[in-house]
There are 2 protein chains.
Amino acid sequence: MQARPYRRRARAGNDEDEDEPMMRETRRGDCEWCGLRRVCFPGRLTAESPVGAALLSIRCVRIARGHALYRAGERIEAFHMLRSGCIKETDDSDGRESIVNFCLPGELLTVQNAASAKSQLSSIAVETSFVCAVPWRVFYRVCAQFPSATGEFIKLIARSGGGTRELLTLIRGRGALERVAGFLSNLCTRMQSRGFPAREFRLGMSREDIARYLGLRSETVSRCFSELARRGVLRVRAKRIQILSIQEMRRLSIADVFGSLETPMAEREAV
Amino acid sequence: MQARPYRRRARAGNDEDEDEPMMRETRRGDCEWCGLRRVCFPGRLTAESPVGAALLSIRCVRIARGHALYRAGERIEAFHMLRSGCIKETDDSDGRESIVNFCLPGELLTVQNAASAKSQLSSIAVETSFVCAVPWRVFYRVCAQFPSATGEFIKLIARSGGGTRELLTLIRGRGALERVAGFLSNLCTRMQSRGFPAREFRLGMSREDIARYLGLRSETVSRCFSELARRGVLRVRAKRIQILSIQEMRRLSIADVFGSLETPMAEREAV
DNA sequence: CGACGCATTGATACGTCTCAATGGAAGTGG
DNA sequence: CCACTTCCATTGAGACGTATCAATGCGTCG
């Protein structure tokens, strides 16, 4: 989301059955010129160590809205970072397409398995996105040469499942308004930490997607947005979002494990 | 749960403030004599490779009911396997003690970080439990000697966060009965795969614990148990559980990602 | 046996889902 | 460029399910 690099392309009626190429390799990702260099993992790597971007052989891939970078069951030979757009990671195993994560620019897609193994998740572009890919084999080779990269690698895997647990605590036993407020303040925190404007942005995903992410119905999500607007915390006009009080938004969702919590521990335990 | 090795000890009024020792090291775990040898990870290791149990220097520790093996924030220098009893793993970061996992005999406690790092979870005995511990440092040394152990290690970490995602899909957007049925059929599957009787067992944890695990209220959990009994799927007498129809239990929770799903894909998508 | 904690059950309030209709934004074709 | 179409978001009224509060029943353990 935010700052899509090109104008959205004309879209056929059905997202899934377009005859335009599903994804299109553009060019080698030039990390030196990328605005996310200081934020993304390969970028940090190439900045801090003598590893050149070329050595990582990063490819930058374009994925049209509604199309998949990969689907559950496919082998993944690389790990990926989102350069622009927005990608939803879905778990199709239980029938309905349940969304596990929304990936924002500058973030890594969920690292599931180190080496070549079947993916459990599908990665689908919510809006036209550009993704940088680093092949595992290449990465291993670089790790062997530069030990500093290996440290990053360990952290990578360790952090991998963490997001799911945070989503769990955001959802479990919480009301709809808490969930939506938590979702928004989470987005806020992540946008901010990536250097994007955090108070005002465009939601790439539909209400339906947000609903499936939070375990609600799209109507309920919509109502919560309206309610937040009524309380003066938010301004909404379709996909355009403006957060008027981040503090209040945080207060409404005690679940925001990410940002700093103003609420003292004692007060929360009193609930 | 199931087959507690010794009679439960006398318990003071408050779980947290007993003056008896919190945990007590018993003896070196003799893997050769352990009934879970073929099931547990260190057991398999010592069976398949020339690694002796002594080499892994497994300690077996007793944890009284209501006491913690470790608490969030402490450094963990070992990974653990549950030999008997039942342990709840809790995430205290959001104020209320939210339960992330119930560990059953023969299962590993959630592996959070490979090396010495602060634990994000607390591990609390739901009933008196015996836990085997393998220090990471020792394990690393063994890995260096026997490559077959390293393979197990990789799988270990990869599987680590998986349970949380399964819990997420069990809870999100599902009704109370589905959740409880899913919880029970999940227990069923796990008991069976460990070689325990799967249709009839004792729930070590309270209704309150189950409720916090599933994001419900204890009264609701109780009502669901009664409802399942009314439908002839279950027999309940307090903590004693008897599953009359595993098939029907599975059908009631489409969420059981673990066992084989009878419901065909098409039917589920129709929902 | 008696006391306590835990589980069960009931009545009610509240919140979310459901179904349905309206409104508005984005994209299409003349 | 404008009117048209379509998809998506919003809003409303009602049904349903879970939380809540309270009382009773029962196992567990002293």
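A, B, ... follow the sequence lines: proteins, then strands. Residue 1 opens every chain.
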> Side chain of Arg207(A) only, heavy atoms from C-beta on: which candidate in dT18(D), dT18(C), dA9(D) is closest?
dA9(D)
> Counting only side-chain heavy atoms from C-beta out, which of dT20(D), dA25(C), dT16(C) sits nearest to Arg237(A)?
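Selected nucleotide: dA25(C).
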> Where the side chain of Ala238(A) is concerned, which of dT18(C), dA7(C), dA25(C) is the nearest nucleotide?
dA25(C)
> Can you check the Leu216(B) CG to dC14(C) P distance for me, whole Å?
21 Å
> Ring centres under 6.0 Å, that's the criterion: do Phe102(B) and Tyr213(B) meet it?
yes
> Contact class for Ser226(A) vs. all strands (heavy atom < 4.0 Å): base, sugar-phosphate, or nothing?
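If one applies the 4.0 Å heavy-atom cut-off, Ser226(A) turns out to touch the sugar-phosphate alone, with no base involved.
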> Let me know the distance between CZ of Arg202(A) and C1' of dA25(C), rounded to the nearest Å.
11 Å
> Between the base of dT20(D) and the side chain of Arg223(B), is there a donor-acceptor distance below 3.5 Å?
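Answer yes: a donor N or O sits under 3.5 Å from an acceptor.
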> Check every atom of dC6(C), dC21(D), dT16(C) against the side chain of Thr220(A) and return the nucleotide holding the closest atom.
dT16(C)
> Looking at the side chain of Ser222(A), which of dA9(D), dC6(C), dT18(D) is the nearest nucleotide?
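Nearest listed nucleotide: dA9(D).
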> Using atom CZ of Arg212(A) as one end and atom P of dC17(C) as the other, report the distance to the nearest whole Å.
14 Å
> To the nearest Å, give me how far apart CD (Glu227(A)) and P (dG15(C)) are.
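To the nearest whole Å, that distance equals 10 Å.
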> Quick one: Ile171(A) CD1 to dT16(C) C1', roughly how many Å, whole number?
15 Å
> Any carboxylate oxygen within less than 4.0 angstrom of a Lys/Arg side-chain nitrogen, looking at Glu227(B) and Arg231(B)?
yes
> I'd like to know if Arg223(A) and Glu219(A) make a salt bridge, using a cut-off of under 4.0 Å between side-chain N and carboxylate O.
no
> Provide, to the nearest angstrom, the distance between the CD atom belonging to Glu208(B) and the C1' atom belonging to dA19(D).
13 Å
> For the backbone of Glu89(B) and the side chain of Ser123(B), can you confirm whether one donor and one acceptor N or O come within less than 3.5 Å of each other?
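Side chain of Ser123(B) to backbone of Glu89(B): no pair is present.
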